[in-house]
Amino acid sequence: MVFTVYNSLTRQKEPFQSLQAGTVRMYNCGPTVYGRAHIGNMRAYLFADTLRRWLEYRGYAVQQVMNITDVGHIQADADEGEDKIEAQAKKENKDPWAISRGWTELFFKDLQALGVRPAMIYPKASDHIPEMLEMIDGLLAKGYAYQVDGDVYYEVGRFPAYGRLSGNKVEELDAGARIEVREEKRHPADFALWKSDPRHLMKWKSRFGEHGFPGWHIECSAMSRKHLGNRIDIHTGGEDNIFPHHECEIAQTEAFTGQPFANFWMHCKFLQVDGGKMSKSLGYVWNLDDIRARGFDIRALRYCLIRGHYRAPLNFTWEILKESVSALSNLDDLVVRLRNASRGMGASASAEDGLEEVSDLIAEFESGMDDDLNTPRALAALFQLRTAVLEGRLGVSAAAAALQFVLKANSVLGVIRTEEANLAAEVEALIAARQEARKRKDFKESDRIRDTLLAQGIVLEDTPQGVVWKQKG
RNA sequence: GGCGGCAUAGCCAAGCGGUAAGGCGACGGAUUGCAAAUCCGUUAUUCCCCGGUUCGAUCCCGGGUGCCGCCUCCA
């Protein structure tokens, strides 16, 4: 099987191939740290995490880089010379550096809570000003950029491929009424590489002046180049990054290096809430604490976010999150069942039974993931595996093989509770006591024990083969 | 105005030319001391609407409608 991915650049699915055999160099667009990341942002980071995990499952060593944008960008009313981080700093009456530091820490905590594996490095824009200036100098020298007083702009017209990723045409962009025409620009679509403004709080000295700061797009070009080299395999981001951000990155990097930048561009669609856009004014912008405040495990959110394909819009409601809890606990249960069956309990009489079915389902899981990370298909294969154990179609060998597989599959999905709880001794004693009580028809006592265990999160199940226990939720 | 995506059961969500996966929920029955879990059965004659191509369309083409994204910071 070949891992096939949808490449935004070519608008079609292509077999994935890395530049260097066995290694994947991947850059993920990360957060701008001026506020709390919400569950929509999480979808994008989880998508990158799933991609990384699947590549690892397929045997690649993945060099993953995710940027932290701590410099901030100019807001719509650029006349103010203010960016989002500075605006937040003024609002909170704090130092902008403290703002970005605080949100960065929270960002990492949120990722950890979601079970996202850490990237190799999380470069900060503010640590890469020299690298950005180096590229800006190079672009000026090659004639792709021009200077107007203390500002430097990228001249879009000099890069013929500009618009290839987004499908936008420079002439059409011109027609769009929403681009603010700035007199000093040669073309309205030209974008800033460097800006000068003494009022800016986060500023650096350069040959363009005492008080300057970088444009938004240049940081990713500079940081991916520094940490992954001139050419990379995959670049990811949310669908909103396609234009202008990624379009501009391509223009900058390729003009500077003279080489193709990323071979594969992958973008995930937005998460919707109640079937509509996540809207701050409607109060629909949830973060991890909101999920917790409603009594949900973050694990359930992770399930909720991978239950749909990354390239289709996904809807979020509290009802759906509740459904996710049930579905996920059945996946947890799958592991318990397989573990029991692999030890003979509930297994089919013949040890070899079900081996073929298990290998078919493994193939189904893998071909789903190979098909542009089709997590819903992969999940469906797992649920079918559950039906197979419950219906007693798996023998001891098949159950053991299936268990191994589910553990491996979970190294990609990262949602299932797979560890075996180790309070077995006490539980076994209580279960035995309950069985004694049931034998005596002392149901008051047996129910009391059952309730006691339930209060500890242990659910008992009376089966013809005996009593099975498992952890709840 | 330009560019792109999505529309499948009560709620989610795969499939994308050969006659509708999977999950959650619901209902009926079995099992149980009672539960839970589990088992059996039922839950879309049909895939937003209208045309067209085809032996055949949820899947292709044309036209609508609705929602989402980008063109301005945004996952």
Side-chain angles (χ1 to χ4, degrees), chain A residues 8 11 28-32 34-35 37-48 69 72-78 83-85 87 163 166-169 171-180 189 216 236-245 247 267-272 275-278 280 303-304 307-317 319-331 333 337 346 364 368 371 374-384 386-387 390-392 438 441-444 446-447 450-451 454 459-464 467-468 470 472:
Chain A
S8 305
R11 289 154 215 268
N28 309 311
C29 265
T32 301
Y34 64 90
H38 58 250
I39 58 176
N41 297 317
M42 291 305 161
R43 183 183 194 197
Y45 307 134
L46 205 47
F47 152 62
T69 297
H73 307 304
I74 311 159
Q75 297 212 71
D77 52 339
D83 68 41
K84 288 203 162 184
I85 291 174
S166 61
N168 288 325
K169 296 185 189 72
E171 315 84 66
E172 300 291 350
L173 288 170
D174 189 13
R178 300 171 83 183
I179 287 185
E180 189 187 350
W216 174 33
T236 74
E239 57 174 327
D240 55 325
N241 280 153
I242 295 172
F243 193 90
H245 189 49
E247 194 75 80
H267 298 94
C268 85
K269 285 283 188 288
F270 271 23
L271 180 71
Q272 298 178 209
K277 70 170 133 189
M278 219 184 250
K280 226 165 219 168
Y303 179 89
C304 189
R307 111 204 105 96
H309 185 84
Y310 81 89
R311 216 147 43 69
L314 185 68
N315 193 24
F316 175 89
T317 64
E319 190 54 38
I320 293 169
L321 185 58
K322 214 170 112 191
E323 288 181 8
S324 295
V325 172
S326 304
L328 181 55
S329 82
N330 280 149
L331 248 23
D333 178 66
R337 305 272 171 184
E364 174 54 22
D371 181 17
N374 195 328
T375 47
R377 257 181 77 188
L379 251 9
L382 256 31
F383 280 105
Q384 282 176 300
R386 180 163 185 263
T387 304
L390 288 176
E391 294 184 350
R438 290 181 75 204
K441 300 233 185 281
D442 184 355
F443 298 121
K444 206 175 157 189
S446 69
D447 287 352
R450 185 170 68 195
D451 291 344
L454 186 61
V459 181
L460 294 187
E461 184 179 320
D462 299 325
T463 76
V467 181
V468 175
K470 64 181 182 185
K472 197 177 116 194

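By convention in this document, chain letters (A, B, ...) are assigned in the order of the sequence lines, proteins followed by strands, and residues within each chain are numbered from 1.
The line from CD of A/Gln272 to OG1 of A/Thr317 is 12.0 Å long, rounded to the nearest 0.5 Å. Here the CG atom belonging to A/Asp447 is positioned 9.5 Å from the CG atom belonging to A/Asp442, to the nearest 0.5 angstrom. Annotation: the span from A/Asn330 atom CG to A/Thr387 atom OG1 amounts to 9.5 Å, rounded to 0.5 Å.
Atom pair A/Asn168:CG and B/G1:P shows a separation of 16 Å (rounding to whole Å applied). A/Ile242 has its CD1 atom 16 Å from the C1' atom of B/C73, to the nearest Å. Computed from coordinates, the A/Phe383 CZ to B/A21 P distance equals 17 Å when rounded to whole Å. A/His38 has its NE2 atom 7 Å from the P atom of B/A75, to the nearest Å. Nucleotide B/A14 holds its P atom 16 Å from the CG atom of A/Leu382, rounded to whole Å. Atoms NZ (A/Lys277) and P (B/G66) sit 16 Å apart, rounded to a whole Å. Straight-line distance from the CZ atom of A/Phe243 to the C1' atom of B/G69: 14 Å, rounded to whole Å. The separation between A/Leu271 atom CG and B/C6 atom P is 17 Å, rounded to whole Å.
A gap of 34 Å separates the C1' atoms of B/G66 and B/C55, to the nearest Å. Between B/A20 and B/A37, the distance separating the two P atoms is 32 Å to the nearest Å. Taking atom P in both B/U31 and B/C40, the straight-line distance is 15 Å, to the nearest Å. Distance check on atom P: B/C48 versus B/U58 gives 10 Å, rounded to whole Å. Comparing the same atom, P, in B/U42 and in B/C6 gives a spacing of 34 Å after rounding to whole Å. Nucleotides B/G62 and B/A21, compared at atom P, are 29 Å apart to the nearest Å. Between B/A13 and B/C50, the distance separating the two C1' atoms is 27 Å to the nearest Å. Between B/G51 and B/U65, the two C1' atoms lie 15 Å apart (nearest whole Å).
Once the 5.5 Å centre distance and the 30° plane angle are applied, the aromatic ring of A/Phe270 is found stacked with the base of B/A75.
Taking the side chain as every heavy atom from C-beta outward, A/Met278 and A/Ile39 approach each other to under 4.5 Å. Side-chain atoms of A/Tyr310 and A/Thr375, non-hydrogen and from C-beta on, never get closer than 4.5 Å to each other. Residues A/Asn374 and A/Pro376 have side chains in contact (heavy-atom distance under 4.5 Å, counting atoms from C-beta outward). Between A/Leu314 and A/Arg307, the closest side-chain pair of non-hydrogen atoms falls below 4.5 Å. Contact annotation: the side chain of A/Tyr303 never approaches that of A/Leu321 to less than 4.5 Å [non-hydrogen atoms, C-beta and beyond].
Residues A/Leu379 and A/Arg307 each lie close to RNA chain B; by heavy-atom proximity, the contact nearer the 5' end of the strand is made by A/Arg307. Along RNA chain B, the nucleotide nearest to A/Asp371 and the one nearest to A/Leu328 differ in position, and the one closer to the 5' end is contacted by A/Asp371.
The backbone N or O of A/Gly275 sits less than 3.5 Å from a side-chain atom of A/Asn315, completing a donor-acceptor pair.
Taking each heavy atom of A/His267 and A/Gly238 in turn, the nearest pair found is CD2-O, 3.5 Å. Of all heavy-atom pairs between A/Lys269 and A/Arg43, the closest is O-NH1, 2.8 Å.
Across B/C11, B/A13, B/C6, the shortest atom-to-atom separation from the side chain of A/Leu314 is found for B/A13. Comparing B/A13, B/A75, B/G25 by their nearest atom to the side chain of A/Thr32 picks out B/A75. Taking the side chain of A/Met278 as heavy atoms from C-beta on, and the options B/A75, B/G4, B/G5, the nearest nucleotide is B/A75. For A/Tyr45, taking side-chain heavy atoms from C-beta onward, the closest of the listed nucleotides B/A75, B/C24, B/C70 is B/A75. Picking from B/G22, B/C70, B/A75 the nucleotide with the shortest atom distance to the side chain of A/Ala380 gives B/G22.
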Both distances under 3.5 Å, Watson-Crick or G-U wobble: on that basis, could you give the dot-bracket string for RNA chain B, with [ ] for crossing pairs and | for other-strand partners?
(((((((..(((.....[...)))((((((.......))))))....(((((..]....))))))))))))....
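With sequence neighbours excluded, no residue forms a ring pair (Phe, Tyr, Trp, His ring centres under 6.0 Å) with A/His309.
Donor-acceptor pairing under 3.5 Å, judged by distance alone, is present between the side chain of A/Glu323 and the base of B/G23.
Between A/Asn241 and B/C73 there is no side-chain polar atom (N or O) within less than 4.0 angstrom of OP1 or OP2.
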Letter per nucleotide, 5' to 3', of nucleotides 32-43 of chain B [B base touched, S only sugar-phosphate touched, - untouched; heavy atoms, 4.0 Å]
-BBBBSSSS---
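When heavy atoms are screened at a 4.0 angstrom cut-off, A/Glu319 is found touching no nucleic acid atom at all. At the heavy-atom level, A/Gly308 lies under 4.0 Å from the strands shown only through sugar-phosphate atoms.
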